[in-house]
Amino acid sequence: MHSIETLLNKLQSPKKIWVTTHYKPDGDAVGSVMALCLYLKKKGHEVYPVFPNEIPYFLDWIPGLEHALNFEAEPKLVEQKLQQCDLICCLDFNDISRVKYLEPLLAAAQQEKLLIDHHMYATPVFEYSLSDEHKSSTCELVYDFINLDKGNALIDTDIAACLYTGAMTDSGSFRFPSTSASLHRMIADLMDKGLKHSPIHEKVYDSWTEQRMRFVGYVLKDKMEIIKDCQAGLICLSQKDLDDYQLNSSDTEGLVNYPLSIEGILFSTLIIERKDGVKLSFRSKGNVDVNFFARQYFNGGGHFNASGGQSSQSFTETILCFKQKLYEFHAPNKQLKK
Ligand code: 5GP
Ligand code: MN
């Protein structure tokens, strides 16, 4: 591992830089990739923002996306740009398997790699790393990167909008414990630079279809199970549930948070049957380590209070297995400590 300063020195001359993030990119993934790309472009570099698959509709307004590549749509072009580049930047993930179908290309690439990320347990495959699990978001770390590069004055309203989007979405609109005084100072700086925050919140959170809203009603009424013994909430959605409401894959975003709004519920899980396998999302409050749970039982990871994983078993078997593990996990804790 080399120091970030060594990299910043190398970046004094123009480079070709390929930047990517995890599969099914969220607000922090898209915001951090585009903020870094817009900044590096202003510094005179050639940049190739690459997403492993499509971007959710509520993020399609993010500045600079017209120049971004989608690996599923244009695999050859993505590969060609990867071969041409001098540096690879990996944002908002630290385990190469999270880029899914892009993994073989990325793993084989010989160029130096920079990691900018806030997940736990980074794999040691990066030459440079700006990684801090205590930060709210990768966007907060991209802001730190820009400041380390003494580039704060280059932050314009487009870069500010990208950074704000990731910080807002990953911090639950600035309410999760990862929201720090320094994050608020970053937001104040972005507002001083002309950031308009309200339209961003509206574009991300007030752009639902009627179908999506009705689906949430159905889920909360008929699909949410409360397992009082384990202070847990569980929502399981089959492929048929999704098809019946003609949802797209980003319409289930945020569902996992609802059970945590019930007093006494400290552990929430969403299990979804998707065409490419069964996906699990975990959220918790306080001392409940869902990162451990995701890594131990569902080949996953993430953060202490927000993690994800997957299962190669059927949907029904996964639910049974999950419940068994939940009781095992809960037993030594007796009462999950907040
Ligand atoms: P979500 O539940 O929203 O998909 O993900 C919650 C958090 O866990 C995110 O920070 C995400 O990056 C991480 N995460 C989700 N799925 C996986 C996974 O399969 N493996 C790992 N290592 N992290 C995951
Ligand atoms: Mn993130």
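Counting starts at 1 for both ligands and their atoms, following the listed order. As the structure is a prediction and not an experimental result, all values here were calculated from the model. Numbers here are sequence positions counted from 1.
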- Item | Residue-ligand contact Arg295/ligand 1, heavy atom below 4.0 Å | no

- Item | Any Arg283 heavy atom less than 4.0 Å from ligand 1 | yes

Taking both backbone and side-chain atoms of [X], is any N or O found less than 3.5 Å from an N or O belonging to ligand 1?
{"X": "Asn299", "value": "no"}
{"X": "His119", "value": "yes"}
{"X": "Phe282", "value": "no"}
{"X": "Asp95", "value": "no"}

- Task: Please examine the side chains of Phe292 and Phe304, heavy atoms only from C-beta on, and report whether any two atoms are closer than 4.5 Å.
- Result: no

- Item | Option from Leu114, Asp117, Thr21, Leu106 for which side-chain contact (heavy atoms from CB on, under 4.5 Å) with Cys90 holds | Leu106

- Query: Angle class for the His303/His119 ring planes (parallel below 30°, perpendicular above 60°, tilted otherwise)?
  - Reply: parallel

- Query: Parallel, tilted or perpendicular for Phe322 and Phe267, by the 30°/60° rule?
  - Reply: perpendicular

- Message: Could you tell me, atom by atom, which parts of ligand 1 come under 4.0 Å of a heavy atom of Gln310?
- Response: 19 (O)

- Enumerated ligand 1 atoms positioned under 4.0 Å from heavy atoms of Gly300: 18 (C), 20 (N), 21 (C), 22 (N)

- Would you find more than 12 non-hydrogen atoms of other residues, nucleotides or ligands less than 6.0 Å from His45 atom NE2? yes

- Task: Output yes if His118 passes the N/O/S-under-2.8 Å test against the Mn ion (ligand 2); output no otherwise.
- Result: yes

